[in-house]
Amino acid sequence: MYRHLEQRLSRRLAQFLQHNYPDADLPAVVIEQPPRIELGDFAIPMFPFAKPLRAAPIKLAEIIRAGMGTIEGIAEMQVVPPGYLNVRMDRAWVARALTPERKPQQRVSPDKILVEHTSINPNKAAHIGHLRNAVLGDTFVRLLRYTDRQVDVQNYIDNTGVQVADVVVGFTHLQKKSFSEIETLTRQPGFDYYCWDLYARVSQWYEQDERNKLARTATLHAIEDAASETSAIADLISTAVLRRHLETMDRLDIEYDFLPRESEILHLHFWDAAFAKLKDAGVLTYENEGKNKGCWVMRRAGTGKSRSGEPPANSPGASACERALEEEDQKVIVRSNGTVGYVGKDIAYHMWKFGLLGRDFGYRKFYRYPNRHECWISAAEGEKDHPHFGGVAEIYNVIDARQSEAQSTVIEALRGLGHNEAADHYTHFSYEMVALTPRCAAELGYRLSEEDKTRPYVEVSGRKGFGIKADDLLDRLIISAKSEVDARHPSLRDAERQSIAAQIATGAMRHFMLKYTKQSVIAFDFKEALSFEGETGPYAQYAAVRATSIFKKAGIDADAFSAEIANKMSPADFATFLNGENGIEF
RNA sequence: GGGCGCGUAGCUCAAUUGGAUAGAGCACGGGAUUUCUAAUCCCGGGGUUGCAGGUUCGAUCCCUGCCGCGCCUACCA
């Protein structure tokens, strides 16, 4: 409604100016919101018109105010120095217009939006960095759904990469465990924590002796063969950890619709289909010599334009120096041994997202939330009846800023294939990482170098097992919330106090992750995160609960109260009430 | 070296994308409240927006050049 009025105002003013100054070349009308509500609901700065109309801004405002006449929905206009025309809307008119039968139909795009977030490597427990991703993604999804958009939430699972391979190495090489022993372990609580520690130990083991890394390479290869036992172990581990991730995120009310896995991208030959198209379109070129000899490469994203106009570096006159520069600009997509890197798989995956690949996943039910919502997973052979994912017009990838280059490479590839429409609707929802303050790292018992101690923050590292696990943080928040609830409400049953504490904790967590702009690094500190006063989630919850309490104390049910107002009062009376002029009391 | 981002009160962060007196929370100072069901309320001090130029009616925001910090820049995923 506000926007509706704003547009009407803008149109009328443009007409007025056009009519009175037909010869002037005028900029578009800009409407702003005044800094304080007392100044009005809309503010129109006159400054842009001052020069072309050769009049002082304030004078101009007066001319317009006198000449405009009345506009439906606008109560009054006011000239304010140094050159604003401030406009107050007619609140009674707005309130009448807001009654359900008159609410202007909002046009909502029927196109489905695909949001990808979380996407944690399924080889260890989730940490605070993953929480930021999931909370940002989930909140964005909620906002989209609030505006009636159709959204599919996807959580991409890289279950065939080195990170999973490393944990497999831990079980098979360091611990010499059999398939069935590992299977027993996956059923124990805290399997993701177990893997967290094991992963850190494997990383150390690699550092002890370079030759130990041979185990990684062998394991990585074995995983790609779907029939091997190693592959079965990898699947066992990654699936168990994945379930833990879903449980952790469910504590924050974060759910997913579909979990596409890299193993299916591999086994259903998504890459082969993409590779053929990329070669045909000339997006990928084969290198016959130089550093990248034998590889299929792509020009690095974002560097192409600045080089156009120069002769190609491999032309006869090109110097060795230019040649080297050209190689720097190349991104290897297919290695000389014929295997494809992760960017290649990502290109194929994104072609699927936009329905441009000509292939589809199989789908299986995987996880059922307590509210009966079903989360699906990719499968080589799927169930017969399944919902349809992919083939959307618009996507958002919630991925941290470190991946921005890879993301633009994928967008570049889509453009190269001629899918400009898709590339334009591909948004990298980029955000910065969560790091730890040196003090926080010390609290956790990590030894910091003298250099690290002077830094504003230190980056977490899964390889070193250095970081704060998501569940640990949530547990700590619940404990401190619980002790407050215990002290304040001793008469409540313990289960109820526990449930209240959990709600306060998740609110605190979600608010903490959202209170920063996404492009600033969060330097995590327990003191800040566990604080429940000031600008925090618990404070916002407190305010809402207090308002409800006041209703309760007065013997009025808040929901019934608002329903009653809607029933008993005519829209006109309600409008008068909102205006607050007659001091109606209830 | 190149690319992306950041630099604002003592600390942690905002600022509707170029608008009116740069705002919050913590901390600090002062006052109120003595508690019947979610964690009290009010007031105050505190700023050369990293530095130097430029663009214009107007710059925390755009441009140029510096300074400082972080991330990315693998035939790893």
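Protein chains get the first letters and strands the later ones, always in sequence-line order, with residue 1 at the start of each. No hydrogens, no waters, no symmetry mates; every other heavy atom, side chains included, goes into these values.
- Side-chain proximity of A:H489 to B:C76, B:C72, B:U37: nearest is B:U37.
- Protein atom NE2 of A:H428 is 12 Å distant from nucleotide atom P of B:G5, rounded to whole Å.
- Both thresholds, 5.5 Å between centres and 30° between ring planes, are met by A:Y84 relative to the base of B:A20, so the two rings are stacked.
- Rounded to whole Å, the distance from OH on A:Y516 to C1' on B:C11 is 11 Å.
- Atom CZ of A:R455 is separated from atom C1' of B:C69 by 9 Å (rounded to the nearest Å).
- Searching all strands for a Watson-Crick or G-U wobble partner of B:C13 with both distances below 3.5 Å returns B:G23.
- Across all strands shown, B:A59 forms no Watson-Crick or G-U wobble pair with both key distances under 3.5 Å.
- Looking at A:Y446 and A:V458, their side chains never come closer than 4.5 Å, going by heavy atoms from C-beta outward.
- With a 4.5 Å cut-off on side-chain heavy atoms, A:L85 and A:L60 do not count as touching.
- Nearest nucleotide to the side chain of A:Y542, out of B:A24, B:A38, B:G70: B:A38.
- Distance from the side chain of A:S336 is smallest for B:C75 among the nucleotides B:A20, B:U12, B:C75.
- Distance, A:Q519 CD to B:C61 P: 16 Å, rounded to whole Å.
- B:G3 and B:A22 have their P atoms separated by 35 Å, with the value rounded to a whole Å.
- The side-chain hydrogen bond (donor to acceptor under 3.5 Å, both in side chains) test applied to A:S480 returns no partner, not counting sequence neighbours.
- Rounded to whole angstrom, the span from the CZ atom of A:F42 across to the C1' atom of B:A20 amounts to 18 Å.
- For B:A14, one of the phosphate oxygens OP1 or OP2 lies less than 4.0 angstrom from a side-chain nitrogen or oxygen of A:S520.
- Remark: C1' of B:A74 and CD of A:E405 are 11 Å apart, rounded to the nearest angstrom.
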